[in-house]
Amino acid sequence: MKTKFIFHILLMTAIVFLASCVKEGPIGLTGEDGLDGQDGQDGQDGNVTCLACHSGTTISARQFQYASSIHKAGTNVAYAGGRAGCAQCHSSEGFIEFQANGLVASDISMPSAINCETCHIIHTAFTYTDFALRSEEPVGLIIDQGVTVLDIGDGSNLCINCHQARTAEPQTASVAGATTFRITNTHYGPHHGPQANIFAGQGFAEITGPVTYPVAGSSKHLEQASCTVCHMDDYIDKQGGHTFKPSLAACQECHATENFDYGGVQFDTEEKLTELRDLLISLGVVAWYEVDQAYEPVPGTYPMVRAQAYYNWIGIEEDRSLGVHNPQYVNALLTNTIAALKATK
Ligand code: HEC
Ligand code: HEC
Ligand code: HEC
Ligand code: HEC
Ligand code: HEC
Ligand code: HEC
């Protein structure tokens, strides 16, 4: 884009230069006027359409908000943004290629962090309409090769291209009737951002137990809110807008609460997560790994329910909303998983 912009300036300068350059001979010997220069090519209507976006605070306000988003920091772009298998979610180039072609054909040599152009189609028509989102299409779940399609609202559909699980839960991932599951490495799990699955109540290990699972699609937040409703409400107090951080103001449109721990749900979820982790440690499924400074699974072959329990624990942990995304589903998963582990101990 920079080159196009500079080209535009050069073009304008050339036009001005041609207009003022008239041949004149020495005084008293004025010769005939030279031929008129050819009209320069019209520049793009820069002043009109560029300014539809490049004026006021349209861009700068979002840049300011976006500066505090982890998307911009691009913490893992160098590590995962270039790899063909990871780039669709971990770099701007990868996401744009994936949205256009349905795959990332090969590694990307100079991956960049997610930016305005990743999510908006800027500099195409060169009008304000270029702020349209790169995609608002419903999104197929990776865990069942796209059989389940989620349609959770325009801007939020964009988010769930990336914020969803990549690996199905152990039972679904195994041959029918399998009673054991092999965890092959310490990074096993749904991958770090299974928010769409939790939000929609899709794809975790629904171990039977005392709490009945809510019918998929019945969650109140799924019905009434969405990723953008909670995470992109009007920017206020360093939350919402293009910070992508959930905002308390959004919650308060529906709840009388002074924090995200409405009804004590986050506190309760945290307690259950700790209890489940400690059960997994006592069963030898999870250990503290000094090198990674993290609780990780111990590779090995486990009874199915223990592998499923691990999947649920790490997935709910990495969803990071502590139950808010789907309070009833998370409560059922954790309560039933804990009960099942206790019963088989
Ligand atoms: C849809 C709104 C929109 C329109 C119309 C638009 N731009 Fe942009 N432009 C953007 C956004 C958004 C960025 C990226 C800002 C960022 O990365 O933080 C950008 C970036 C740029 C940059 C890079 C420097 C910078 O500010 O980051 C240049 C140069 C530029 N635009 C020139 C133009 C010119 C010239 C036109 C008209 C021919 C134009 N733009 C029309 C939205 C627009
Ligand atoms: C379907 C999209 C998707 C794909 C494909 C994907 N990731 Fe991710 N990854 C994410 C999201 C989303 C997050 C951030 C989740 C969050 O912050 O809640 C993430 C986070 C990470 C993190 C940070 C973990 C942490 O604890 O902070 C690493 C490292 C990572 N991914 C590596 C990879 C690698 C390596 C690959 C390819 C083998 C890959 N990812 C493929 C979506 C994806
Ligand atoms: C991760 C994706 C993402 C990134 C990155 C992003 N945006 Fe957005 N942007 C959105 C979504 C989604 C909406 C619609 C929000 C809603 O529905 O409430 C939006 C809305 C907007 C709007 C309002 C458009 C309208 O219809 O009036 C503007 C302007 C805008 N973004 C500018 C920017 C700029 C400038 C940047 C870079 C500094 C940027 N965005 C980066 C996702 C993104
Ligand atoms: C192109 C893939 C992609 C899209 C689209 C995307 N994200 Fe992300 N998001 C990520 C990755 C990757 C991370 C983690 C950054 C890292 O670890 O490198 C992340 C991090 C986050 C975080 C962590 C906190 C922070 O400050 O950024 C939130 C919240 C988030 N995303 C919300 C959203 C929402 C809401 C949308 C839709 C409007 C969205 N994301 C769209 C890939 C994406
Ligand atoms: C009902 C409101 C609500 C909805 C809907 C919602 N979120 Fe969240 N989200 C939250 C809250 C609250 C947190 C936890 C924030 C905290 O405790 O600091 C959170 C946490 C997150 C995080 C981790 C952020 C971090 O910094 O640790 C990501 C990523 C995220 N949400 C993405 C999404 C995506 C993607 C969607 C749509 C599928 C979504 N959220 C829908 C409220 C919501
Ligand atoms: C558009 C409306 C709407 C928004 C916005 C919204 N919620 Fe909700 N939420 C609901 C509804 C409806 C219920 C189910 C009825 C109830 O428990 O109040 C619910 C239930 C909950 C529950 C379960 C309460 C319990 O005791 O079981 C929690 C926790 C929750 N919301 C947290 C949040 C947080 C945190 C935010 C903001 C980040 C938020 N909600 C934003 C509509 C909303």
Side-chain angles (χ1 to χ4, degrees), residues 1-3 5 53-54 57-124 130-136 139 142 155-167 186-187 189-199 227-228 230-233 235 237-247 291-294 296 314-315 317-321 325:
M1 184 58 231
K2 278 218 172 77
T3 34
F5 190 55
C53 303
H54 286 279
T57 57
T58 308
I59 294 178
S60 62
R62 270 84 179 190
Q63 283 173 324
F64 175 77
Q65 296 159 19
Y66 195 53
S68 70
S69 170
I70 291 166
H71 290 131
K72 177 169 166 77
T75 337
N76 292 294
V77 173
Y79 177 64
R83 295 201 238 165
C86 318
Q88 72 187 70
C89 307
H90 280 286
S91 66
S92 184
E93 293 80 359
F95 185 71
I96 292 171
E97 184 179 343
F98 189 84
Q99 291 305 316
N101 305 331
L103 88 171
V104 177
S106 56
D107 288 357
I108 292 159
S109 53
M110 299 274 281
S112 25
I114 297 167
N115 58 60
C116 315
E117 196 188 356
T118 315
C119 298
H120 300 282
I121 57 162
I122 58 162
H123 298 159
T124 306
D130 281 356
F131 272 130
L133 296 174
R134 190 162 293 282
S135 175
E136 299 185 345
V139 176
I142 297 171
S156 300
N157 283 343
L158 181 80
C159 316
I160 63 175
N161 280 287
C162 301
H163 287 275
Q164 62 161 303
R166 303 179 58 218
T167 311
T186 56
H187 294 300
H191 197 65
H192 314 284
Q195 287 88 9
N197 308 74
I198 294 278
F199 181 61
C227 316
T228 52
C230 290
H231 286 262
M232 294 189 80
D233 197 23
Y235 173 74
D237 293 340
K238 300 184 180 164
Q239 297 177 328
H242 279 69
T243 70
F244 296 96
K245 298 187 197 321
S247 73
V291 241
D292 295 342
Q293 290 288 301
E296 289 172 353
I314 191 69
E317 186 76 40
E318 294 194 328
D319 169 71
R320 285 163 45 221
S321 73
H325 287 154

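The basis for the numbers below is simple: all heavy atoms, side chains too, and nothing from hydrogens, waters or symmetry mates. The shown structure was predicted, so the numbers you read here are calculated from the model rather than taken from an experiment.
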What distance separates [X] [atom1] from [Y] [atom2], expressed to the nearest 0.5 Å?
{"X": "Asp107", "Y": "Cys86", "atom1": "CG", "atom2": "SG", "answer": "9.0 Å"}
{"X": "His325", "Y": "Ile198", "atom1": "NE2", "atom2": "CD1", "answer": "9.0 Å"}
{"X": "Asn115", "Y": "Cys119", "atom1": "CG", "atom2": "SG", "answer": "8.0 Å"}
{"X": "His187", "Y": "Ile314", "atom1": "NE2", "atom2": "CD1", "answer": "11.0 Å"}

For [X], which residues count as a side chain to side chain contact (heavy atoms under 4.5 Å, CB included) partner, sequence neighbours excluded?
{"X": "Cys227", "answer": "Ile152, Ser156, Cys159, Ile160"}
{"X": "Ala165", "answer": "Ile143, Pro190, Pro194, Asn197, Tyr311"}
{"X": "Asp237", "answer": "none"}
{"X": "Ala100", "answer": "none"}

Over all heavy atoms of both residues, which pair between [X] and [Y] is shortest? Give the atoms and the distance, please.
{"X": "Gly240", "Y": "Ser247", "result": "N-CB, 3.9 Å"}
{"X": "Ser321", "Y": "Asp319", "result": "OG-OD2, 2.7 Å"}
{"X": "Gly74", "Y": "Ala113", "result": "CA-CB, 3.9 Å"}
{"X": "Ala87", "Y": "Val104", "result": "CB-CG1, 4.3 Å"}
{"X": "His123", "Y": "Asp130", "result": "N-OD2, 3.2 Å"}
{"X": "Ser68", "Y": "Lys245", "result": "O-NZ, 3.1 Å"}

Going through the checks in order, is the side chain to side chain contact (heavy atoms under 4.5 Å, CB included) test met by Thr243 and Lys238? CA-CA 7 Å; Thr243 70; Lys238 300 184 180 164; 5.7 Å; no

State which residues pass ring-ring contact (aromatic ring centres under 6.0 Å, His included) with His231; sequence neighbours excluded, sorted by chain then number. none

For His191, ring-ring contact (aromatic ring centres under 6.0 Å, His included) partners two or more places apart: none

Residues forming a side chain to side chain donor-acceptor pair (under 3.5 Å) with [X], sequence neighbours excluded:
{"X": "Asn157", "value": "Asp151"}
{"X": "His120", "value": "none"}
{"X": "Glu136", "value": "none"}
{"X": "Gln195", "value": "His163"}

Look only at the side chain of Glu117 and the backbone of Ile122, and say whether a donor-acceptor pair between them is shorter than 3.5 Å.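 Not confirmed, Glu117 side chain does not pair with Ile122 backbone.
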
Does Cys230 offer a backbone N or O that forms a donor-acceptor pair with the side chain of Asp233 under 3.5 Å?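 Answer holds: no.
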
Have a look at His192 and tell me which of Glu318, Arg166, Arg320, Glu317 forms a side-chain hydrogen bond (donor to acceptor under 3.5 Å, both in side chains) with it.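 Among the candidates, only Glu318 passes.
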
For a quick test of your reading: what N or O donor-acceptor pairs under 3.5 Å do the side chains of residues 57-67 make, sequence neighbours left out?
| from | atom 1 | to | atom 2 | distance (Å) |
| --- | --- | --- | --- | --- |
| Arg62 | NH1 | Thr58 | O | 3.0 |
| Gln65 | OE1 | His242 | N | 2.8 |
| Tyr66 | OH | Ile114 | O | 2.7 |

Please list, one pair per line, the donor and acceptor atoms closer than 3.5 Å that link side chains of residues 89-97 to other protein atoms, with sequence neighbours excluded.
| from | atom 1 | to | atom 2 | distance (Å) |
| --- | --- | --- | --- | --- |
| Ser91 | OG | Gly81 | O | 2.8 |
| Ser91 | OG | Gly94 | N | 3.2 |
| Ser92 | OG | Thr118 | OG1 | 2.7 |
| Glu93 | OE1 | Ser112 | N | 2.8 |
| Glu93 | OE1 | Ser112 | OG | 3.2 |
| Glu93 | OE2 | Ser112 | N | 3.4 |
| Glu93 | OE2 | Ser112 | OG | 2.4 |
| Glu97 | OE2 | Ala105 | N | 2.9 |

Check whether any side-chain heavy atom of Ser135 lies under 4.5 Å from a side-chain heavy atom of Gln99, and answer yes or no.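 Counting from C-beta outward, Ser135 and Gln99 do come under 4.5 Å.
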
